[in-house]
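Below is one structure, written out as C-alpha cells; comments come after it.
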Amino acid sequence: MSLKNLVKQKSLRFLLFGGKGGVGKTSCSAATSVWMAENLKKEVLILSTDPAHSLSDSFDQDLSGGEIVPIKGVKGLYGFEMDPKKEYSKYQKTMQESDVEIPKEVGFMMEGLDDLQSMTPPGTDETLAFSKVLEFIETTPEYDKIVFDTAPTGHTLRLLHLPTLLDSFFGKLITFRLKMGQIWGKMKAFLKREDYKEDGLDQMKKLKEVIENANKELTDPKKTSFVIVMISEMMAIYETERLLSNLYEVEIPSSAIIINQLFPENLDCSFCSSRREMQQRNLVEIKDIYAEDFTLVNIPLFPTEIRGLDKLRELGKLLIE
Ligand SMILES: Nc1ncnc2c1ncn2[C@@H]1O[C@H](COP(=O)(O)OP(=O)(O)O)[C@@H](O)[C@H]1O
Ligand SMILES: [Mg+2]
C-alpha cells in the first residue's frame, strides 16, 4: 500500500517514525503531519520527546511549553514536545504538594534532577515518552491521527510486555506518571467517586488495563503503522534489520520504509557522483530485501535543510504524493 493510501485510511490513528539519529525522522514526521492536517482535513497531533527540541526547529516554532499547542499556519495541526527535565520538575512539584506515595526508585531519580542527563537510567526518556503515549491513547479521542517522532526504541517497545514491566523500575515510573497525569483525573471523574480510595492493587489493575488497551491499539495494523526512515548505506540496512526484528517481536505493524537523503544526478561533481553511485548500489540491495513486504519511498537530498512550513510541505508532497 502506498504511503498515501496508508495515511488516508480512516482507521489509521498512530503513525510512528523510527530510525537512526539524523536520518530525517523529525523532518518526515513533521512533513507527514502537515500533509495530513492540510489534505485530509483531520485533527492531527504530533508528539516528540527529543530533548534536542528538533520539532520546534523543524516547525520554527517553540513547542516546548509542556502543553499541546496549535502549529501556526496549519489548521488542525497540534504539536507537543516533551522536555523530560521539565516533566520531572512538574511532577516533583505536584508531588510535594500532595500526599501521593512516591515509588522509591522514582524518588531517587528526582534527587538527581539537577544532573538529570548523567543520573537518568538509559531508557527513561523513552519510558516517559511511552507513558505519555499511553496517556494520549486514553485521554485524547479528539485527535484523528497521532504522529510520533522519535518513536520508541525496541527497548521501550518491550514495555508493552506486561509481566516483565509491572515489577520493574519502568513499571513504577509509568504507574507514577499515570497517577500524576490526566488519566487519573479523568478516571476519577468517570467513576464519579471522589471519596474513593485507591490502593496499590487498583493502580496496578488500571495500569494493566491501560497497557493492554495500548497494546491492542499499537499492534492493530488497521490503527497503527511504524514508518522506518533510513539512508542508503550498508550500516543503515543492518540497523533497519535490528529495528524490524524488535518491531516483529512486539508485533508493531510496519509497512513503509523511507530512504532519505539520496543524491540527485550530478555530472559536474565527482564527489556527489561517487556518493550517488554508492547509494544507488545500496538501493538495489534495499529493494531486493524489502520491496516485497514494504512500500519504499525514495527522497532526494535537498540543497538546504528542511525547516519551516514551505520546506515541510515540499517534503510532504514528495513523501505522500
Ligand atoms: N532529504 C533531506 N535533504 C536535506 N536535508 C535533510 C533531509 N532530510 C533531513 N535533512 C536535514 O538533516 C538534519 C537531520 O534531520 P532530522 O529530521 O532532524 O533527523 P532525525 O530526526 O532522524 O534526527 C536536519 O537538519 C534536516 O533538515
Ligand atoms: Mg529528530
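Reckoned from all heavy atoms, side chains included, excluding hydrogens, waters and symmetry mates. Order of listing sets the numbers, starting from 1, for every ligand and every atom in it.
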(Q) At less than 2.8 Å, how many protein N/O/S atoms surround the Mg ion (ligand 2)? Leave waters out. (A) 1

Q.
Under a plain distance cut-off of 3.5 Å, with no hydrogens placed, do E241 and Y290 share a side-chain donor-acceptor pair?
A. yes

Q.
For atom 11 (C) of ligand 1, is there a protein heavy atom at a distance under 4.0 Å?
A. no

Q: Please work out whether any backbone atom (N, CA, C, O) or any side-chain heavy atom from C-beta onward of N260 is under 4.0 Å from ligand 1, and answer side chain, backbone, both or neither.
A: side chain

Q.
Could you check whether S56 and E81, counting side-chain N and O atoms only, form a donor-acceptor pair closer than 3.5 Å?
A. yes

Q.
Is the contact between S54 and ligand 1 made by the side chain, the backbone, both, or neither, using heavy atoms and a 4.0 Å cut-off?
A. neither

Q. Of the choices S58, G22, S29, A31, which has the non-hydrogen atom that lies closest to atom 23 (O) of ligand 1?
A. G22

Q) Should K25 be counted as touching ligand 1, given the test is an N or O pair under 3.5 Å? A) yes

Q. Does CE in M234 sit with more than 12 non-hydrogen atoms of other residues, nucleotides or ligands closer than 6.0 Å?
A. yes

Q) Heavy atoms only: which of L315, L262, T26 is nearest to atom 21 (O) of ligand 1? A) T26

Q: Among all protein heavy atoms, pick out the one at the shortest distance from atom 19 (O) of ligand 1; state its residue, atom name and that distance to 0.1 Å.
A: G24 N, 3.1 Å

Q: Indicate, as side chain, backbone, both or neither, the part of R307 found under 4.0 angstrom from ligand 1 when only non-hydrogen atoms are considered.
A: neither

Q: Please confirm whether K20 comes under 4.0 Å of ligand 1, counting heavy atoms of the residue only.
A: yes

Q. So which of Y78, F80, Y143 actually passes side-chain contact (heavy atoms from CB on, under 4.5 Å) with L47?
A. F80

**Q.** Sidechain N-carboxylate O distance under 4.0 Å for D144, R13
**A.** no

Q.
One pair to check against side-chain contact (heavy atoms from CB on, under 4.5 Å): L12 and S225. What are the steps and the verdict?
A. CA-CA 8 Å; L12 187 93; S225 191; 3.9 Å; yes

Q. Minimum heavy-atom separation for K10 to K145, with atom names?
A. O-NZ, 4.1 Å

Q. Looking only at heavy atoms, which two atoms of G73 and E38 are closest? And how far apart?
A. O-OE2, 4.0 Å

Q) Nearest heavy-atom pair of T32 and C28: which atoms, and what distance? A) OG1-O, 2.7 Å

Q. Is any heavy atom of the protein nearer than 4.0 Å to atom 4 (C) of ligand 1?
A. yes

Q. Where's the contact between C28 and ligand 1, heavy-atom distance under 4.0 Å: side chain, backbone, both or neither?
A. neither

Q: Below 4.0 angstrom from a heavy atom of T304, which ligand 1 atoms are there? Numbered from 1 as shown, please.
A: 4 (C), 5 (N)

Q) Do the charged groups of E314 and K317 touch, with an N to O distance under 4.0 Å? A) no

Q: Using non-hydrogen atoms of the residue, decide whether P300 is closer than 4.0 angstrom to ligand 1.
A: yes

(Q) Taking distance alone, with N or O pairs closer than 3.5 Å, would you say I306 contacts ligand 1? (A) yes

Q: State plainly whether the residues K223 and E217 are in salt-bridge range, i.e. N to O under 4.0 Å.
A: yes

Q) Just to confirm, does any protein heavy atom lie below 4.0 Å from atom 7 (C) of ligand 1? A) yes

**Q.** Residue pair G24 / V229: nearest heavy atoms and the distance that separates them
**A.** C-CG1, 4.1 Å

Q. Are any of the N or O atoms of L301 closer than 3.5 Å to those of ligand 1?
A. no

Q | Minimum heavy-atom distance between L315 and I306, given as atom pair plus value | A | CD2-CD1, 4.0 Å

Q: Apply the side-chain contact (heavy atoms from CB on, under 4.5 Å) test between L309 and each candidate in V34, D60, L77; give the one that qualifies.
A: V34

Q: Report, in ascending order of atom number, the atoms of ligand 1 lying under 4.0 Å from any heavy atom of E305.
A: 25 (O), 27 (O)

Q: Could I get the full list of salt bridge (charged side-chain N to carboxylate O under 4.0 Å, His left out) partners for R281, not counting sequence neighbours?
A: none

Q) For ligand 1, which atoms have a heavy atom of S27 less than 4.0 angstrom away? A) 9 (C), 15 (O), 16 (P), 17 (O), 26 (C)

